[in-house]
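Everything numeric in this text was worked out from a predicted model, so none of it was measured. All chains are named by letter (A, B, ...) in the order of the sequence lines, taking the proteins before the strands, and each is independently numbered beginning at 1.
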6 protein chains.
Amino acid sequence: MSDFTPVSGFDLPRYAGIPTFMRLPLVPLDDPRLNAVQIGLIGVPWDGGTTNRPGTRHGPRALRDASTMMRAQNGSTRLRPFEMVNCADLGDVPPNPASLENSMARITEFYGQVVKAGIRPLTAGGDHLSSLPILRAVAGEPLGFIQFDSHTDLFDSYFDGQRYTHGTPFRRAVEEELLDPKKMVQIGIRGTMYDTEDRDFAKAVGIRIIEIGEFFARGVPDVMAEAREILGTGPSYVSYDIDFIDPAFAPGTGTPEVGGPNTCQALEVVRALSGVNIIGADMVEVSPPFDLGGLTALAGVSVMFELLCVMAEAVRSGA
Amino acid sequence: MSDFTPVSGFDLPRYAGIPTFMRLPLVPLDDPRLNAVQIGLIGVPWDGGTTNRPGTRHGPRALRDASTMMRAQNGSTRLRPFEMVNCADLGDVPPNPASLENSMARITEFYGQVVKAGIRPLTAGGDHLSSLPILRAVAGEPLGFIQFDSHTDLFDSYFDGQRYTHGTPFRRAVEEELLDPKKMVQIGIRGTMYDTEDRDFAKAVGIRIIEIGEFFARGVPDVMAEAREILGTGPSYVSYDIDFIDPAFAPGTGTPEVGGPNTCQALEVVRALSGVNIIGADMVEVSPPFDLGGLTALAGVSVMFELLCVMAEAVRSGA
Amino acid sequence: MSDFTPVSGFDLPRYAGIPTFMRLPLVPLDDPRLNAVQIGLIGVPWDGGTTNRPGTRHGPRALRDASTMMRAQNGSTRLRPFEMVNCADLGDVPPNPASLENSMARITEFYGQVVKAGIRPLTAGGDHLSSLPILRAVAGEPLGFIQFDSHTDLFDSYFDGQRYTHGTPFRRAVEEELLDPKKMVQIGIRGTMYDTEDRDFAKAVGIRIIEIGEFFARGVPDVMAEAREILGTGPSYVSYDIDFIDPAFAPGTGTPEVGGPNTCQALEVVRALSGVNIIGADMVEVSPPFDLGGLTALAGVSVMFELLCVMAEAVRSGA
Amino acid sequence: MSDFTPVSGFDLPRYAGIPTFMRLPLVPLDDPRLNAVQIGLIGVPWDGGTTNRPGTRHGPRALRDASTMMRAQNGSTRLRPFEMVNCADLGDVPPNPASLENSMARITEFYGQVVKAGIRPLTAGGDHLSSLPILRAVAGEPLGFIQFDSHTDLFDSYFDGQRYTHGTPFRRAVEEELLDPKKMVQIGIRGTMYDTEDRDFAKAVGIRIIEIGEFFARGVPDVMAEAREILGTGPSYVSYDIDFIDPAFAPGTGTPEVGGPNTCQALEVVRALSGVNIIGADMVEVSPPFDLGGLTALAGVSVMFELLCVMAEAVRSGA
Amino acid sequence: MSDFTPVSGFDLPRYAGIPTFMRLPLVPLDDPRLNAVQIGLIGVPWDGGTTNRPGTRHGPRALRDASTMMRAQNGSTRLRPFEMVNCADLGDVPPNPASLENSMARITEFYGQVVKAGIRPLTAGGDHLSSLPILRAVAGEPLGFIQFDSHTDLFDSYFDGQRYTHGTPFRRAVEEELLDPKKMVQIGIRGTMYDTEDRDFAKAVGIRIIEIGEFFARGVPDVMAEAREILGTGPSYVSYDIDFIDPAFAPGTGTPEVGGPNTCQALEVVRALSGVNIIGADMVEVSPPFDLGGLTALAGVSVMFELLCVMAEAVRSGA
Amino acid sequence: MSDFTPVSGFDLPRYAGIPTFMRLPLVPLDDPRLNAVQIGLIGVPWDGGTTNRPGTRHGPRALRDASTMMRAQNGSTRLRPFEMVNCADLGDVPPNPASLENSMARITEFYGQVVKAGIRPLTAGGDHLSSLPILRAVAGEPLGFIQFDSHTDLFDSYFDGQRYTHGTPFRRAVEEELLDPKKMVQIGIRGTMYDTEDRDFAKAVGIRIIEIGEFFARGVPDVMAEAREILGTGPSYVSYDIDFIDPAFAPGTGTPEVGGPNTCQALEVVRALSGVNIIGADMVEVSPPFDLGGLTALAGVSVMFELLCVMAEAVRSGA
């Protein structure tokens, strides 16, 4: 058994043991095993960009706890990711809860080390602003980008000029040329709107938005075929906001919007990313204080397991 | 900006400020602005007709709280209701929790003033018996009527002769000629049955019942086309019992029945009322003490926002 | 009115009275009325075989409580089961929470008396290991068997040789020739996998597994037609693990797996068993300490009511 | 073992079996064993007099459930009440949730039969108005009366003339000469006040009110010595509102007031009633929908067990 | 009845109506009635300084909701504050959840207007850092200061130099000469400690710390006599952190410490401030997402009502 | 900084990082650092002996999570335990949830290694039966023993002969001469009783029981002086059942008994063990599925921190 094999529930009950992501070994950045890691699971316990209900700072711990329910093999694709690539829990980025700027710098610094070690990061947030400092570290060039979300997060500013919130990260990422808007697709957008500022921006720069009505009408396979087309063959990043999923299935989030996909669809869209060259991914906006019975954390780690599988495929394909 | 513009979440976070419906101005019945109001949002904090689990007396406050999550524009139809018509929160009817009869009289009296001011009411209940005293005030003639519900509420009496409960309001409304049974349709009926007394009555007077099996088999567009046909062009009232929605999506209600529609369908059926001359509507049976994490209140106000949009269209069409 | 008529909610509100199953009379094994009973509802308050989150020992009490929401008639099929056959609550098997072996013996002994009295048992568990000692009492010959579940429960052993857990009952039941593997079908299997040991065993002995992907792709009628075919006309047993249902609809269970059926489908699959000669059935793995607002108990008893209806048909058909 | 022996937790785990009060036999009013019963535990699932948060209609079921945690012997006094007198669960009064007047009549009628059978009732409410129709049945003469409560419930009327609510029962009981105001004592009164109307009435008729400040300053033994003095040797009734107890210990009630006694004191005051000729008692205002983890129900039944012990003493002393 | 009379629960049930603080009229800063207000209740929905569990941004709304349980008269002192002085709800300070600095500036600006209008503020926070920008507006001279808390909040910095967090406000306030350390007293301090940095600072500048052990040993009257001595006759500010109260009584806070006072003591300490010239007060660190059944909000508003009473006395005494 | 220094909340927020006990390093039994450890914190995630409500198998994880709230210094005694002795988290004993016997053997085996390495164990259970297999490993001679509990756990057997349950461990431990009954004291016993079997046994062998009434009457210092006298100077073991604490302060346990100590007293009793030669201690019966908002876990780790402090003193005193 390799150094990167998760503990099995046949040997140790799932509720026992210290909860690392997927029961993988904990490999901090200064651990000599770091260079052998291919996919690193990282927590970003931070909600400094949250304009509405807070609590995603508690996301990583709740997701680690729930992740002990994950087993070794994908029940749908039959992939065994932990045997395909070396995976490890790299721990949490140390945030500064009282400084948005300082926290963003800390995140970029941490991910800089991860990228330097040749590791593809799979992140457990944290609010959606977390994606921006991560992208600053991982985007060597403007990336392809797919976002599952009920909101576009493409606004310019809030509260009389606040440019960094969880409603603005991808506006900034486009402006900073971290993402290539022509290779961007956002899926699941829904709910009441302030106005059309975000949609106007998307249209102007070429971001493809697939709203929930179109998503349901066309179905997962058709929508995801288009999405893969948009992403192309270059390096891509996947950002998965838990509020993409209907709040009955994932209530623990700050800005829930009813009328969303169920968890079956929530997993299918990730499986459909098979073949995409994913160099990083995140699961954000899980807010445990608003969760009910751990439903959201379970949904979140179930999605993370699927993300891990498609990332493992990308690593193995030498992409 | 008019007197009837809601506070925006861009200016004041949604969790801040006193929670009126949709963050609209509060306009009590003695406020000079009353006559400018076209659609009035009203709370009926009363559960005196409840035969099962109580708590809908707390519905209006929970719905107001959740309604601060609503924004200015419909994400599906792109309507901006608050710019189309003057909307306001008219406050709560003062109930008498220890007297069913007195409470009903108070409700009819309050809505009489609302109707007299030329305002179309959008109500947040309250249990389903609330609809009866409201109808007594708004029904100048026998109205068309559409009900989303898992129960018919067409029984004659309970407990050895109790004729006014939340299981009997529309039997009474037909008897009192507030509703025209030939223009009545009930959608979503399901769950175990006592017997067929209610269905027999419906058949006898001509009420159309579309049970959940038929609803799922035919789909929303087809069912709602028939419903619009039944309602016709005359004045109609919409009564929306939250238990129409599956309890996984709306657990906070007194008599939940599994196997119901999801919130996507729950919103679609309301959008399909576009073109109907809605002179009043209600959202009833939200019971916060049985709610989970505010899911039900959020579903309830999301439906209310859709109701507001179709009511605004009706006002604007001069119907 | 017979001795076996449930109390009606028209006469006594549902929240009143001592909660027996479906508000039926309580008929302990030493009650002279026992021989008149045709279907007996029995609780097995035991979770000794649970390898993960516990609590199903509290299942029977929560299911009895929720069952007071059930009425007299099936809203879909219009059957009135309590008028078709004599039903009664036979009470709980007395378990020994500190001894797995002793508890299993007690269960088999109790059901031996039930079977001897000519009663078909409808059980409220309890964890899934409960089914094994029940089958030892009811299986006069190798039975047909249909299982609704997200797990196969076909593993050989856990924790270094533990052969009796809730992950192994049907491996044992096949080995003990209580079930005929050629007449076995498992529906809804999903979630991450340890490995393929269980699937390999199923294939080797001829058990048909219909995974969730196939279930959704083919739909309930087609899948259930195949299932009926497999079960054939001989005596069959139905085992319904509540984790078959998606955790948004039934969160109160020990090993939830996202991406499952909704409650509409959860009821439909049971109705599709009409015509099968069901000699016993169980609803297992409801864990009230992990439930949310009684959602799971309500889903569980709604399924039990459907099971009761198809069992009543089987009794009446003289099967 | 007599017919009136509770099931022991040594034989059947506490979570197993149908939950009757204290695991006693269920003896409905038409049961031939009725005449052998000396103390009857009765549920009044009704909250029709509630002016604030509802839910006490669910009190009896929650109290029965929690009562399965009670064992056979008092840990403080060492009394074994079930061996001293014949106790039984007499079931619930059938209420009419939609009619205050009809419910009150039903309660008085039920208790009339209980009294006629020579049984002393120990009631699980229900809101505090329940005590009035009970007193109408049990008070053959003006009774001594002790009330543990944070409110006096001595107001004249609410909501423009409503004379029967849970804030008025003892004003009515004095007016109807069911209680002798000179033999009345109320303990634990606290919280913000509307005005002094209730205190003025108490003073005028001679009711002794011991507010919480005095209660804490003097201590349980001294206060209770005075209380016993007031009650005297004649027949007395004990009314225990769960909101007497601090809401940290008993959160599940409609009108909680902080700053109250803990559960140690809550039990002690009852033990100090030893020697009083208690002919009836009630535990009211337990509202399960507002309870937290069953804390309130557990506190409520712990008090009921103490009440049962002092009532058993009264029966045995031939009082 | 004046313009500043709260709505009575005798007229409108407590659960009805829009929830302003204590059911007082809402008087925004631009309302002409502002100048008649003597005590203004203000919400600060902000938790930007929180280093641990968040959620106090939701405090004001939860406190307003619970405050509808408060009546007109103090049950202990018999004061009727709303008849003594003009009280009003001045609404919420609009925060910027994504900028600590901007939020602090907004708070100081808002309170500047309040002070200018001659109003004494009674604040519902928000985290404890909120007190600092409030003090900047209200402290015309170094104030006397009494703090009820389990933490001193006197640290210099966190996270490598972060000087503004909810653990540092009173260090800053002393440095900025908003408070006179010789007139400062902190009561209830407890829990595990990082080190003695805060205590060393307190000793150095003359702040009196009364730890929980001393508090319990001496009792409320003795401790509070010393506290009044320290505060003297000059203008004083009261800062009440809800975590002063034991978490069994007030669980909804970010950094709970077991072993604290109960709510009886929690109210008594405030009553003992009678005679102090209180020019402002706050109730902070109520975090509704971590609350249980509204217990903390109820405790918080009960304390606020007591604060209001002693502030009303101060206003009336012309202090 | 040593290898055994916990992470500070000044550097990393408490909600960040993988939760080990007290944020100490994780040192599994095969770690070379093991021999430097002096006090080992160990989880026993097992509830196989539970006769009532289950869930203590989840205790260790919840206690680890809550333990990240503990800081470096005792606020009362000013001790800094992590600087006094080398402490580490040794991980969890791997249980077999489906075999009581096998689990007991596994526990004894694990603690055998711990004792052999010269480490004093501080355990987080698990149900109270866990103490028995631990004592088998740590008791080289009959030990002194102090138990904080509401139950004696001295019964002989349950359910027709079941000798190993969480109600019997100390009966067995006396029989097996692991404990010296003359040096045993049990404090806090309360609640209703089955009978006097356990008390009779205690009296017969010389175990001192201090019931709750005596505990409150005499106070902590007096009671604990007697307790220290009983324990004497030899090696002693401390077993702390969380149900010693009143359920308002610690609701998350299987068999709560109202009327117990508050958390202030709960900590004081441990501090009073200063000077006792404690060679091992446990905190048992924390059941997270029944906890409310983590109150019980927080109380539990607060007690564990105090236990750690007195154990550190014992180590340092060379006892």
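- Taking D:D89, D:V44, D:L26, D:T68 one by one and counting their heavy-atom pairs under 4.5 Å with chain C, the maximum is reached by D:T68.
- Atom CG of residue D:D65 and atom NE2 of residue C:H58 lie 9.5 Å apart, to the nearest 0.5 angstrom.
- With a threshold of 4.5 angstrom between heavy atoms, C:P289 does not approach chain D through any atom at all.
- Atom-to-atom distance recorded for C:R61:CZ and D:R64:CZ is 12.0 Å, nearest 0.5 angstrom.
- Taking OH from D:Y15 and OG1 from C:T56, the interatomic distance works out to 9.5 Å, rounded to the nearest 0.5 Å.
- Contacts with chain D were tallied for C:G293, C:G43, C:P13, C:P94; C:P13 has the most, counting heavy-atom pairs under 4.5 Å.
- Between chain C and the options D:L12, D:D92, D:I18, the largest number of non-hydrogen pairs under 4.5 Å is found for D:I18.
- Contact of C:P60 with chain D is not made at all, since no heavy-atom distance falls under 4.5 Å.
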